[in-house]
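What follows is a short report on a single structure.
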Amino acid sequence: MSRTLDPQLRRALTERIRYYNELGIYDFYRREPNAELPREPETSVVEDPALLLRTIREDLGDCTRCPLHQQGRKQIVFGVGNPHAELMFIGEAPGADEDQQGEPFVGRAGQLLNNMIKAMGIQREDVYIANIIKCRPPGNRTPEREECETCSPFLMRQIAAIKPKVIVALGAVAAKTLLAINAPMSELRGRWFDFRGTKLAVTYHPAFLLRDPRQKKETWKDLQMVMKELGLAVPAKAEP
Ligand code: URA
């Protein structure tokens, strides 16, 4: 009986078969489920977040969906980190360093974000980091609504693939885009939001903290709230 495969499942299977082919495996047999035996829990290939992320990256391609592709971007900055991360940080847009290196938060703001992550008792490699938009806006201007609306569906798919326990929106642009609300940071911080069934906290953007380090204390309170939710021990040391 011929069955039509869902395109996402087809891509995931193609990817998995390509991987086995690279290992020199070409023959595949379908095992019928044995009703006598207790069923093993199935890990579907389509639920593998690493595979899903690769599919999303492929779908994004050499994106020309918004004008940013013609405005000096060097490369697309997709996202980085653990596909199984419980914690996801979402910033605004790549800057010059990120555009150069193809990775989010690698410049000065990124160094501070790394320190914030370390202060939580975890490593950058444990979390997943992405931005609302994946291309650098010229002169680091704030992303425009059309750019956010065009690009964020890919971020939504990344979130759905990773299924983090907690999302931290870094700064007002990330918070307002994800939550579709227009409120000052004072009303967004220090509390939980529901983002499509996932807990979302908002804190100051590291680039803002570089300009106003006095707000690090407040940021640390936000991160402690996140740590509690994730069951991470709050270290005696204060502030990143
Ligand atoms: N600022 C952001 O919002 N994202 C980055 O990746 C770097 C700086």
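Ligands are counted one by one from 1 in listed order, and the atoms in each one are counted from 1 as well. Everything numeric in this text was worked out from a predicted model, so none of it was measured. Only heavy atoms go into these numbers, but all of them, side chains included; no hydrogens, no water, no symmetry mates.
Ion pair Glu147/Arg65 not flagged as a salt bridge, since none of the NZ, NE, NH1 or NH2 atoms sits closer than 4.0 Å to an Asp/Glu carboxylate oxygen. Note on Glu229 versus Lys199: salt bridge recorded, some NZ/NE/NH1/NH2 to OD/OE distance being below 4.0 Å. Between Asp97 and Arg108 there is no salt bridge, since no side-chain nitrogen of the basic residue lies less than 4.0 Å from a carboxylate oxygen of the acidic one.
At least one heavy atom of His205 sits less than 4.0 Å from an atom of ligand 1.
Applying the 4.0 Å criterion to heavy atoms of Glu92 picks out, from ligand 1, the atoms 2 (C), 3 (O). Set against the non-hydrogen atoms of Gly91, the atoms of ligand 1 under 4.0 Å away are 3 (O). Within the listing of ligand 1, atoms 6 (O) sit less than 4.0 angstrom from a heavy atom of Pro104.
Aromatic pair His205/Phe105: ring centres closer than 6.0 Å.
Looking only at heavy atoms of the protein, atom 5 (C) of ligand 1 is closest to Ala93 O, 3.4 Å. Nearest protein heavy-atom contact of atom 4 (N) of ligand 1 is Asn131 OD1, 2.8 Å.
Screening residues 67-82 for salt bridge (charged side-chain N to carboxylate O under 4.0 Å, His left out) gives Asp62-Arg73 as the qualifying pairs, with residues at least two apart or on separate chains.
Considering backbone and side-chain atoms together, Gly95 places no N or O closer than 3.5 Å to any N or O of ligand 1.
Partners of Cys148 according to the side-chain contact (heavy atoms from CB on, under 4.5 Å) rule, which considers only residues two or more places apart in sequence or in another chain, are Ile132, Ile133, Pro143, Thr177.
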